[in-house]
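Note sheet for the following structure.
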Amino acid sequence: MEALFVNLAAVLSGWLTSLGLSPIWADTVLLFVKWIIVITIITLNIIILIWLERKVSAFFQERLGPNRLGPFGIFQTIADAIKLLTKEDIVPSAADKLIFKTAPMFFIVVAVMLYTVIPMGQGMEVINLNIGLLFFISIGSLSTIALLMAGWGSNNKWSLMGAVRSVAQMVSYEIPLAFSLLGVVMISGSLNLQDIVAAQGKLWFIILQPIAFITYFIAATAELNRGPFDMPEAEQELTGGAYTEYTGMRWALFFLAEYTNLVAVSALMATVFLGGWQGPWLPSWLWIIIKTYGVILVFFWVKWTFPRIRMDHLMSFSWKVLVPVSLGNILLTGAGIYFCRWMGWC
Amino acid sequence: MIEFSGLSLYDAVFTAAAGVTVTAALGVVLFRNIIYSALSLVLAFLGVAAIYFQLNAGFLGVIQILVYAGAISVLIIFAIMLVMNRPAGRTNLTSPRTREVFTGGTITAMMLTALIAAIGLSDWPKTVLLKGADDTVGMLAELMLGDYVVAFEAAAILLLVAVVGAIILAKGVENK
Amino acid sequence: MIGLPHYLLLGAVVFSIGVFGVLTRRNAVAVLMSVELMLNAVNINFVAANKFMAVGTAVGQLFSVFVIVVAAAEIAVGLALVISIYRQRGTVDLHDFNLLKW
Amino acid sequence: MNGQGLIKGLGITFKHFFQKEITEQYPDVMPQLAPRFRGCLQFEFEKCIACGICVNSCPNNVLSFETEKDENSKKKKLLSYTIDFQHCMFCNLCAEGCPKQCIYFDHNFELSSFKREDIKMVYLRPAEMDMREEESTNGQEQQESKEQKQIDAMQKALQKNPGKVLSKILEQEEDIIILSELMQSDEKTAGKIAELMVKDKEKAAKVAAGFVNKAKKNRAKTETAGEGGDAND
């Protein structure tokens, strides 16, 4: 069970080379296969996640949630997806058509690219990148452009307002996001996510870096445009923000991308702070799924507890609280490492 | 290198990345809508990042995406939105004086010719692409915080000064 | 077979496009964008030269990092200047920036 | 300390997560309605006395009715009653005003229909009611016979114990004695008094007073006329 997928990949790779493909092309084909699998997993995940979020939010509000279609309403998302696929695709006549149409595609591509480096088990990742953590952060920062494109292309003031807000928010929160991860990098001494997982063999980094975990959690919530930080959508104020003008499948792409980001960030949190795929008894790829879903549930919990924060409070919280705290955490971690070496503990 | 119908994978990646970069760069200077120019610039940055990745400079590529495509381009688009005072289709015009365009084009053409000639005529060491060291991040870190630490600190101060200066310039100073 | 000259050629072409933009654009922001293109072209040259001519070190990449730092500072200050001028004169057209002309 | 409220909030939602859902699963399970819930307006035709209070009190002119003057009894007769429910705002003024409680809200809230006209409820005078009316005209005879019985009973009572019965219409004991004597002597007077007492007491009192006066005058005459009057009796 443990090495199920690794062995499958090895078998496929061996079969491809036996067909006469040179190793590098066999690797390329394998990469494509991996991507297809990743995209399938993401799609399946999201079907479950949307249902889960609706169910969890219902329970928080003492409601029942979807319960009509199938047992516990589990087919509700599929029905919704079919509905969205068959809806009319409206492009406003005043919109900048090229940008309007490109934005959702760009957004989802960026979101899917996040999965390149996440270790989904022992030896299971699309590419074992040397600078995986940094890659994750930098790709995550690209989604601002997609939102800005959506807001600009819609040619609607609500859209533009939502886009501008979200971009300002995401650019600001990227700084504490990266800084809070730096503490982990200092301890593990590597940007490679598999190395970071390996460094947590004895002790999870959430215990060594609690401040970093909290700052990362807050910054990630803002980065995902979720929970109390869902300024860009802000249904009550901006009628849907950057997504106002989108209909049918284009809107669904944004929705998909948001949940894709959510899973990716939760998986990264599980990897960096919660010991990744390590765990007893169960196979590693099951552990990462369990941990990721645990983090996602916490995200749901936070989202359905707190009201939306005002924009200026949001920005000043980032610059005046989160950035200094994460910088202080780096200082503390450095001092701790020196102290540890001086005492000869590590 | 593994040849595949006369073109190695490496060459194919370079050609694609270079093509995207040059096309996007042309887009930056030729689009009449400055928003298109800015988005084109993002594409050019991404192409350059691809070239970095291909050159085994992964750290630099990631920094390129993070700083250029993620932050600087957003800054540029914000600035564009703040200073936009005419229809979007007429925001990025060429100079009205043909003399200027002609001079600029001539200078560019001459410079490009000179550069190409220089590159073509020079005797570059016959380097077969060597497998570079894997841990460029470690090497960079050692250089940055070792031999070049003064420059590193100077760059940090430069950034701080630039941030403060930009804020003062953009916000204006309150007159007492 | 792609070698160092190809990268240098790419750098030269991108740099020239940047120069053309700087010389012919009217919009100040477009000029700043062209400057960014030129800086990127320089970075390509640095990294390529490092890769092909200084194997085993990362000095060229280090230079690129510094260039990126300077570029970030430059674009921040430059855009702040443009916005400041726009406040004063209501335009970003370089031909209208004639306060110092006489 | 900052942030305590956040943790408190998280705790509250956590608690609510495990609480029982309060969702009403309406079409499957009917909701528990409050006793004074106002659902559909109901009307009981037979109780209605066509007073018109409900129609006048309705702010939205939901209610209207048609009446007719009954030739025989000179009473208002309700012909039809209409509730145009689409305008109703459930203010309950009609039900509050009704003296007979014949209009009221029930608990049926499933009022949707495909057509606007379907919401309008028209209550026509039920045919059974007219039939019952006829029966009640027969009943008048019955009532008369009933009255007759009462008169008979009254007569008996007058014969048995005149003083007690007559004290209701006459005040002075002297008069009562005179009248009872008169009635004992004259069957006709007794019958008239008994009938009047059942039907109309005031009239009975007047008539009785008349009889008493007459009897007093007669007595005075006979006393003044001497023996001759006695002989006449």
Side-chain angles (χ1 to χ4, degrees), chain A residues 21-28 31 94 96 98-99 102-103 106 109-110 113 117 127-149 151-153 155 160-161 163-164 166-172 174-175 177-178 185-186 189-192 223 319, chain B residues 1-5 8-10 12-13 27 31 33-36 38-43 45-46 49 52-53 56-82 84 87-89 132-141 163 167:
Chain A
L21 276 174
S22 51
I24 197 161
W25 283 99
D27 274 359
T28 315
L31 201 63
D96 196 327
L98 183 68
I99 295 178
T102 325
F106 189 57
V109 165
V110 165
M113 270 173 78
V117 290
I127 300 169
N128 191 358
L129 208 56
N130 202 14
I131 41 163
L133 196 56
L134 213 56
F135 181 84
F136 190 94
I137 296 169
S138 71
I139 293 294
S141 76
L142 272 182
S143 56
T144 52
I145 303 278
L147 276 174
L148 209 51
M149 281 163 78
W152 175 261
N155 204 357
L160 189 59
M161 188 81 91
V164 167
S166 75
V167 168
Q169 168 187 327
M170 285 163 95
V171 168
S172 310
E174 243 159 49
I175 296 158
L177 189 85
V185 173
M186 282 162 79
S190 173
L191 286 166
N192 188 327
E223 202 59 12
W319 290 106
Chain B
M1 279 301 102
I2 295 92
E3 296 289 328
F4 191 76
S5 66
S8 79
L9 197 61
Y10 187 88
V13 171
F31 271 124
N33 183 343
I34 198 159
I35 292 283
Y36 278 53
L39 293 175
S40 194
L41 187 68
V42 175
L43 203 59
F45 287 155
L46 289 178
Y52 289 162
F53 278 119
N56 228 345
F59 180 76
L60 213 57
V62 166
I63 292 295
Q64 170 89 6
I65 295 175
L66 189 62
V67 174
Y68 273 116
I72 287 185
S73 50
V74 169
L75 200 64
I76 289 173
I77 294 175
F78 263 47
I80 288 168
M81 287 175 182
L82 284 173
M84 207 164 202
D134 247 6
D135 190 21
T136 51
V137 189
M139 286 196 299
L140 259 179
V163 167
I167 290 171

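When reading the values below, keep in mind they use all heavy atoms of this one structure, side chains included, and skip hydrogens, waters and symmetry mates. Small disclaimer: the values here were computed from a predicted structure and weren't measured. Numbered from 1 within each chain, the chains take letters A, B, ... in sequence-line order.
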**Study point:** Proximity breakdown for Met149(A) and chain B, heavy-atom pairs closer than 4.5 Å
**Key:** side chain

Study note, to complete from the structure: side-chain contact (heavy atoms from CB on, under 4.5 Å) with Ile65(B): of Leu134(A), Ile137(A), Leu142(A), only one passes, and it is Leu142(A)

Review point. With a 4.5 angstrom heavy-atom cut-off, which part of Tyr68(B) approaches chain A: side chain, backbone, both or neither?
Key: neither

**Study point:** N/O donor-acceptor pair under 3.5 Å between Asn155(A) side chain and Ala94(A) backbone
**Key:** yes

**Study point:** Ala49(B) versus Gly61(B), closest heavy-atom pair with distance
**Key:** CB-O, 3.8 Å

Check your understanding: For the candidates Leu191(A), Asp96(A), Thr102(A), which exhibits the highest count of non-hydrogen atom pairs separated by less than 4.5 Å from chain B?
Key -> Asp96(A)

Check your understanding: Heavy-atom distance under 4.5 Å to chain A: side chain of Leu75(B), backbone, both or neither?
Key -> neither

Exercise for review: Would you please test Tyr36(B) and Ile99(A) for side chain to side chain contact (heavy atoms under 4.5 Å, CB included) and show each step?
Suggested key: CA-CA 8 Å; Tyr36(B) 278 53; Ile99(A) 295 178; 3.7 Å; yes

Practice item. Scan for side-chain hydrogen bond (donor to acceptor under 3.5 Å, both in side chains) pairs involving residues 134-144 of chain A, sequence neighbours excluded, and state none if there are none. Key: none

Review point. Which region of Ala71(B), side chain (C-beta onward) or backbone (N, CA, C, O), has a non-hydrogen atom less than 4.5 Å from a non-hydrogen atom of chain A, or is it both or neither?
Key: neither

Review point. For the candidates Leu160(A), Val171(A), Val164(A), Ile139(A), which exhibits the highest count of non-hydrogen atom pairs separated by less than 4.5 Å from chain B?
Key: Val164(A)

